[in-house]
Amino acid sequence: MSRPTISEISALLADLANFRTRGAGSLAELMNRKADLLERIAAARPDDAEAAEVAAARARADELTAEG
């Protein structure tokens, strides 16, 4: 699992801002991308309990995806 790049994080932040202002895109897709990035951050920092806790966002992304 690779560490997320600055460009990936920047793209997600831009897409989140676009969603908030224009409603463009799918919230479930955005949350899935966010969870993926957080999981990758946690994997790169296995000693960081806070990063692991935040990476639990994957469960929420999965719920949103299932709700469609």
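The first residue of the sequence shown is numbered 1, and numbering continues consecutively from there. What's counted below: heavy atoms across the whole structure, side chains too, no hydrogens, waters or symmetry copies.
Atoms CD and OG1, on Glu8 and Thr5 in that order, are 3.5 Å from each other to the nearest 0.5 Å. Between the CG atom of Asn18 and the CG atom of Leu13 there is a distance of 12.5 Å, given to the nearest 0.5 Å. Taking CZ of Arg40 as the reference point, atom CD1 of Ile9 lies at 8.5 Å (rounded to 0.5 Å). To the nearest 0.5 angstrom, Leu38 atom CG is 9.5 Å from Met31 atom CE.
With sequence neighbours excluded, the residues satisfying side-chain contact (heavy atoms from CB on, under 4.5 Å) with Arg3 are Ala44.
For the residue pair Leu12 and Leu37, the shortest heavy atom distance occurs at CD2-CD1, 3.5 Å. Closest non-hydrogen pair, Ala42 versus Ala51, comes out as CB-O, 3.6 Å.
Note on residues 11-30: pairs passing salt bridge (Lys or Arg N to Asp or Glu O under 4.0 Å), not counting sequence neighbours, are Asp15-Arg33.
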